[in-house]
Amino acid sequence: MPTRKNRYGHLMSPLKYRDTVIKNRLLSTNSMPHFLQGPEPYPSDAIINHLANRAKNGAAIVTVSGISARIGIPEMLPPPEMDYGDVPHFPRYNLYDPKCQNYFAHLADAIHYYGAKAAMSFAFLIVPGYDVCEIPEKNIKAYTPELIDQMIDDFVEQAAISKSLGYDMGSVHMAYRLLFPARFLSPLTNKRADEFGGSLENRARVALEIFRRIKEKVGKDFLLEAVMSAEEEPGGYTFEEACEFLKMAEGLIDIVQVRMPNGMDSHPTGFMKEATPTLKYAEGFKKLGLNMIIAPVGGFQDLDAAEEAIASGKADMIAAARAWICDFDYGRKMAEGRGEDVVPCIRCNKCHVIAKDYPYLSACSVNPAFGIEHVLHRAVTPPRQAKKIAVVGGGPAGMEAALIANERGHKVVIFEKSDRLGGMLIPGSQPEFKWPLKQYKDYLAQQVKKAGIEVRLKTAATPEMIEEENFDAVIVAVGSEPLLPAIEGIKNKNVITALEVLNEPALATGKVVVVGGGEVGVETGLYLARAGHEVTVLEMTEVLAGEARRPHYYEALEEEMQKTEGFKAITNARVTQITPESVKYVDAGGNEQVIPADTVVIAAGTKPLTDLALSFYDSAKEFYMVGDCYKAGSLMTALRSAFAVASNI
């Protein structure tokens with residue numbers, strides 16, 4: 001296809017597959033915001049709006065998930081060896097209830113309105129008390145041939161209902177050995193000796209039969225997608241076997257959504273060296289020459305990377321979810337050739353859940369509007385007049401507030417006491433594995449520059465300066481400072497803060513003890529251990545990095561802690577004293593312990609610079625506080641407060 005008329009000409013080019021025309025090369029996967037849906041057994045208006053907006057903003061295929069199977073129970077139950085309890089990972093819709101079907105039809109119509117295809121992700125529940133193989137110690141019985149047949153028929157029924165409601169496509173999840181078809185395919189979980197186990201042909205029988213019966217029931221024009229791991233961990237199926245499976249499935253599977261061996265790596269974080277790790281697998285599948293659409297997923301927020309993948313022939317489509325979560329205007333920026341303006345994903349996985357051991361209330365660190373987009377038209381009104389606004393502080397909250405205020409037509413000036421914009425993002429992005437955060441920091445600064453916002457660096461604003469220039473409003477975003485706990489010896493010369501050592505790693509010498517095992521403390525410890533130090537992190541609670549996101553990011557962080565040489569952590573450790581040569585703490589049993597330490601790094605959180613912020617009150621007609629100076633928190637809370645304030649000036 002010609003590319004001279006658009007920077008992303010290959011990505012935007014229509015794809016004709018058999019008799020179906022797909023408007024471009026972007027596929028929105030089966031991701032759903034957890035908190036947009038209540039207990040209703042049908043898609044809410046908020047969900048319909050959210051998914052329709054993905055179609056509006058570039059997605060050529062939009063996948064709906066969350067339906068329940070007729071067989072089984074309403075809860076999603078993971079396999080016995082992955083027992084996380086009741087995990088409400090998706091809504092629980094009743095596709096079979098005529099009272100609910102109308103909502104599914106509305107959702108399909110909303111997706112079609114923007115020229116996209118509507119796909120239904122079929123139920124992947126497992127029947128309680130049963131699994132692929134018998135597990136006596138857990139009272140698990142093996143699926144019988146009769147039960148297998150019933151479960152396959154349930155997939156077929158879901159497909160038939162979906163097509164009758166206007167859906168163009170079905171999606172079968174068979175990755176990570178997590179769900180029914182995948183567990184049969186994998187030799188790690190399938191130890192059967194009957195016609196469903198042993199050889200690849202036998203292990204593939206269930207998955208192939210699902211696709212075959214659906215095609216027979218609803219016709220070949222109803223496309224089918226296999227969400228599939230390209231290979232598994234040692235002992236599972238290999239990439240070569242995955243290729244053989246796809247050869248068997250030619251004519252049955254239309255789209256292969258290529259995933260990694262496990263869910264953690266399929267949602268790549270900064271710990272992974274490859275930004276788009278599934279692309280190499282997609283390229284391998286493409287070389288088979290099969291009549292299938294190959295769509296890698298994971299890490300494709302960068303439009304230039306997505307364009308290159310299509311232009312080079314390594315993939316037919318790009319599957320994504322976080323692209324539309326981070327930036328509602330993803331598709332518009334693609335059409336306008338503005339890839340540099342796409343909001344980068346920091347790969348924190350808060351879109352799954354905010355923190356470890358936290359309710360399933362997903363959010364987005366870099367998109368404050370995520371989750372409230374359906375009410376913004378009521379919450380935000382146009383400004384009545386253009387105002388002259390001072391923003392004190394050039395960290396993330398200050399830059400976000402300045403960008404939103406500027407977009408609303410106000411004249412904005414940013415005052416920043418240091419020589420560059422970034423605030424806490426500067427030290428926070430120093431570790432090499434925090435490269436996604438660095439990308440976001442650079443993006444914000446570049447957006448400020450591109451918007452033409454006046455920035456006064458090396459300028460520590462005072463209330464008098466703001467008053468002298470007669471600003472209509474002042475938004476104070478001066479942030480926070482490290483919190484120093486009341487520990488004997490905290491002011492010794494060998495004690496520094498995490499903020500200081502991240503800005504200047506050479507300050508750390510010899511053996512290092514990090515006091516505070518939150519996310520910042522753990523990441524600082526990993527950073528110093530990678531630099532060659534022997535590091536011990538002491539955390540007073542029983543959980544390390546308790547505010548880190550799960551799933552996926554926390555799993556990656558745990559894996560990194562385990563494999564990093566020179567790094568160890570001790571929980572339930574209450575530090576009592578710091579000496580020039582050591583750190584004393586009381587362990588879980590109440591015993592005093594001593595660790596040698598040449599350098600002690602304090603990572604005990606931050607406290608807001610509230611008094612400094614309040615000093616600007618009455619320096620302008622309107623006064624606002626945003627970010628950490630209002631309440632110390634995370635990047636997400638800082639941006640949300642800035643977005644809310646600036647959107648209402």
Exercise. Under 6.0 Å from the NZ atom of Lys23, do we count more than 12 heavy atoms belonging to anything else shown?
Worked result: yes

For this session: Spell out, as yes or no, whether a donor-acceptor pair under 3.5 Å connects the side chain of Glu250 to the backbone of Asn291.
Result: yes

Exercise. Is the side chain of Lys191 donor-acceptor paired with the backbone N or O of Pro187 at a distance under 3.5 Å, no angle test?
Worked result: yes

Exercise. Does some side-chain heavy atom of Tyr130 sit less than 4.5 Å from a side-chain heavy atom of Ile140?
Worked result: no

Exercise. Which atoms form the tightest heavy-atom contact between Phe211 and Ala226, and what is the distance?
Worked result: CZ-CB, 3.8 Å

Exercise. To the nearest 0.5 Å, how far apart are CG in Asp316 and CZ in Arg25?
Worked result: 6.5 Å

Exercise. Between Ser186 and Ala182, is there a donor-acceptor pair closer than 3.5 Å when you use the side chain of the first and the backbone of the second?
Worked result: no

Exercise. Do you know which two heavy atoms are closest between Ala60 and Ile22, and how far apart they sit?
Worked result: CB-CG2, 3.5 Å

Exercise. Is the closest side-chain heavy-atom distance between Ser266 and Tyr176 below 4.5 Å?
Worked result: yes

For this session: Mind telling me whether Phe180 and Phe155 have parallel, tilted or perpendicular rings, with 30° and 60° as the class edges?
Result: parallel

Problem set entry | Side-chain heavy atoms of Ile318 within contact of Ile310, under 4.5 Å | yes

For this session: Answer with yes or no after comparing the ring centroid distance for Phe104 and Tyr93 against a 6.0 Å cut-off, counting only values under it.
Result: yes

Exercise. Can a donor-acceptor pair be found between the side chains of Tyr17 and Asp254 at a distance below 3.5 Å?
Worked result: yes

Problem set entry | From Arg213 atom CZ to Ile152 atom CD1, the distance as rounded to the nearest 0.5 Å | 4.5 Å

Exercise. Can you tell which of Glu233, Glu555, His267 makes a side chain to side chain donor-acceptor pair (under 3.5 Å) with Asn262?
Worked result: Glu233

Exercise. Between the side chain of His112 and the main-chain N/O of Ala108, is any donor-acceptor distance below 3.5 Å?
Worked result: yes

For this session: Could you please spell out the steps behind the side chain to side chain donor-acceptor pair (under 3.5 Å) verdict for Ser199 and Arg205?
Result: CA-CA 10 Å; Ser199 67; Arg205 190 182 303 274; over 6 Å; no

Exercise. Hey, does Asn24 have a side-chain heavy atom less than 4.5 Å from the side chain of Leu15?
Worked result: no

For this session: Taking atom types as modelled, find out whether Tyr96 and Asp154 have a side-chain donor-acceptor pair closer than 3.5 angstrom.
Result: yes

Problem set entry | Under 3.5 Å donor-acceptor, Lys163 side chain and Val218 backbone | yes

For this session: Apply side chain to side chain donor-acceptor pair (under 3.5 Å) to Ser28 and Arg54, showing your working.
Result: CA-CA 7 Å; Ser28 170; Arg54 293 196 186 187; 3.0 Å; yes

Problem set entry | Trp324 side chain vs Tyr330 backbone, donor-acceptor pair below 3.5 Å | no

Exercise. Is a side-chain N or O of Tyr113 found less than 3.5 angstrom from the main chain of Ala55, in a donor-acceptor match?
Worked result: no

For this session: Apply the test side chain to side chain contact (heavy atoms under 4.5 Å, CB included) to residues Ile148 and Gln150: give CA-CA distance (whole Å), side-chain angles for both, the deciding distance (0.1 Å), then the verdict.
Result: CA-CA 5 Å; Ile148 292 170; Gln150 292 176 22; over 6 Å; no

For this session: Using a 4.5 Å cut-off on heavy atoms from C-beta on, say whether the side chain of Val227 contacts that of Glu225.
Result: yes

Exercise. Which of these passes side-chain contact (heavy atoms from CB on, under 4.5 Å) with Ser162: Asp168, Leu95, Val64?
Worked result: Leu95

Problem set entry | Lys/Arg N to Asp/Glu carboxylate O, Lys280 vs Glu274, below 4.0 Å | yes

Exercise. Is the shortest distance from a Lys or Arg side-chain nitrogen in Glu336 or Lys333 to a carboxylate oxygen in the other one below 4.0 Å?
Worked result: no

Problem set entry | Val62 side chain near Lys117 side chain, heavy-atom distance below 4.5 Å | no

Exercise. Around Lys56, counting heavy atoms of other residues, nucleotides and ligands shown, do more than 12 lie under 6.0 Å from its NZ?
Worked result: no

Exercise. After noting the C-alpha distance and the side-chain angles of Thr20 and Leu223, does the key distance pass the side chain to side chain contact (heavy atoms under 4.5 Å, CB included) rule?
Worked result: CA-CA 9 Å; Thr20 300; Leu223 302 185; 4.2 Å; yes

Exercise. Rounded to the nearest 0.5 Å, what separation is found between the SG atom of Cys351 and the CD1 atom of Ile325?
Worked result: 4.5 Å

Exercise. Taking the six-membered ring for Trp, are Phe328 and His50 parallel (under 30°), tilted (30 to 60°) or perpendicular (over 60°)?
Worked result: perpendicular

Exercise. Under 3.5 Å, is there a donor-acceptor pair between the side chain of Arg203 and the main chain of Gly198?
Worked result: yes

Exercise. Is it true that atom NZ of Lys220 has more than 12 heavy atoms of other residues, nucleotides or ligands lying nearer than 6.0 Å?
Worked result: no

Exercise. Just how far is it from atom CZ of Phe122 to atom CD1 of Ile67, taken to the nearest 0.5 Å?
Worked result: 6.5 Å

Exercise. If you count the non-hydrogen atoms of other residues, nucleotides and ligands that lie under 6.0 Å from OH in Tyr103, is the total more than 12?
Worked result: no

Problem set entry | Backbone of Ala295 reached by a side-chain donor or acceptor of Gln257 within 3.5 Å | no

Exercise. Please walk me through it: do Phe245 and Tyr237 pass ring-ring contact (aromatic ring centres under 6.0 Å, His included)?
Worked result: CA-CA 10 Å; Phe245 170 79; Tyr237 64 75; 8.0 Å; no

Problem set entry | Distance-only polar pair, side chains of Tyr114 and Asn57, donor-acceptor under 3.5 Å | no

Exercise. After noting the C-alpha distance and the side-chain angles of Leu303 and Leu11, does the key distance pass the side chain to side chain contact (heavy atoms under 4.5 Å, CB included) rule?
Worked result: CA-CA 8 Å; Leu303 281 170; Leu11 198 57; 3.6 Å; yes

Exercise. Does any N or O in the side chain of Glu40 come within less than 3.5 Å of the main-chain N or O of Gly38, such that one atom is a donor and the other an acceptor?
Worked result: yes

Exercise. Any idea which heavy atoms bring Cys364 and Cys326 closest together, and the distance?
Worked result: SG-CA, 4.0 Å

For this session: Start with the C-alpha gap between Met169 and Met120, add the side-chain angles, then the distance that decides, and say whether side chain to side chain contact (heavy atoms under 4.5 Å, CB included) holds.
Result: CA-CA 6 Å; Met169 177 178 142; Met120 182 69 78; over 6 Å; no

Exercise. What are the two closest heavy atoms between Val342 and Asp327, and how far apart are they?
Worked result: CA-OD2, 3.4 Å

Problem set entry | For Ser171 against Thr63, the heavy-atom pair lying closest together | CB-CG2, 4.3 Å

For this session: Would you tell me whether Arg347 and Thr269 have side-chain atoms, one donor and one acceptor, within less than 3.5 Å of each other?
Result: no

Exercise. Atom CE of Met228 and atom OH of Tyr281: how far apart are they, to the nearest 0.5 Å?
Worked result: 12.0 Å

Exercise. Would one find more than 12 heavy atoms of other residues, nucleotides or ligands at under 6.0 Å from atom CG of Asn102?
Worked result: yes

Problem set entry | Interatomic distance, Gln301 atom CD to Arg322 atom CZ [nearest 0.5 angstrom] | 5.5 Å

Seminar exercise, completed: In short, Ile294 meets Pro296 closest at the heavy-atom pair O-CD, 3.8 Å

Exercise. Taking side chain as C-beta onward, heavy atoms only, is Leu27 less than 4.5 Å from Thr29?
Worked result: yes

For this session: Using a 4.5 Å cut-off on heavy atoms from C-beta on, say whether the side chain of His10 contacts that of Glu307.
Result: yes

